[in-house]
Amino acid sequence: EQTVILYSPLEKTLKVELANGSLTRRQLKEQVAPFELKPGEPLRLRVFLDRSVVEVYANGRQCITQRIYPSRADSLGVALVARGGSVKVPLVEAWDMSPGSSW
C-alpha cells in the first residue's frame, strides 16, 4: 500500500495518487489540483497524516485533502524521492498523537 504525493512542474499540478493506497477499499485513483511554482521558488510541502486523512499544503497556495484507507499493519512508513531534480529537507517533524488523550 502506498499513497503518492507528487508535484509535476511540466504538468503544473499537485497530485495525490490513491490507486495503490489500500488493498481492501476502492477509492478515487487520484486527486489533482493546479499548482505552478514561480521562477526560482522552492517547493514547500506541509503534509499532515492522521489515520485515514491526508492533507497536503503546497507553499501556502494549494491544498489537497483526501481520505485514505490503508489496511496493512505495516503501512506506516514515509519516504522522500526526487526524480530529475534534487531535494533539500531542512526540517521534518512528527508527532505521536496518543489515542487515549483528550482535549
Visitor: Show which side-chain atoms of residues 4-19 pair as donor or acceptor with protein atoms under 3.5 Å away, not counting sequence neighbours.
Guide:
from: Tyr7; atom 1: OH; to: Leu37; atom 2: N; distance (Å): 3.4
from: Ser8; atom 1: OG; to: Glu11; atom 2: N; distance (Å): 3.1

Visitor: Residues sharing Val81's hydrophobic cluster, by side-chain heavy-atom contacts under 4.5 Å among ILVMFWY, directly or via others?
Guide: none
Visitor: Using modelled atom types and a 3.5 Å cut-off, is there a donor and acceptor pairing between side-chain atoms of Asn59 and backbone atoms of Leu43?
Guide: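 A pair under 3.5 Å: no.
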Visitor: Spell out, yes or no, whether Val47 and Val53 are grouped together once hydrophobic residues are joined by side-chain heavy atoms under 4.5 Å, including indirect joins.
Guide: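 No, because Val47 and Val53 fall into different hydrophobic clusters, even though each may have its own neighbours under 4.5 Å.
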Visitor: Please name all residues satisfying side-chain contact (heavy atoms from CB on, under 4.5 Å) with Arg46, sequence neighbours left out, ordered by chain then number.
Guide: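 Here the qualifying residues are Phe48, Tyr57.
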Visitor: Is there a side-chain contact (heavy atoms from CB on, under 4.5 Å) between Val54 and Thr65 once you walk through the steps?
Guide: CA-CA 6 Å; Val54 63; Thr65 302; over 6 Å; no
Visitor: Does a sphere of radius 6.0 Å around CZ in Arg61 hold more than 12 heavy atoms from other residues, nucleotides or ligands, not counting ones at 6.0 Å or beyond?
Guide: yes
Visitor: How far does CD of Glu55 sit from SG of Cys63, to the nearest 0.5 angstrom?
Guide: 6.0 Å
Visitor: Nearest 0.5 angstrom please: Gln31 CD to Gln66 CD, how far?
Guide: 5.0 Å
Visitor: List the atom of Gln62, the atom of Pro34, and the distance in Å for their closest heavy-atom pair.
Guide: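 Heavy atoms only, the tightest pair is NE2-O, 2.7 Å.
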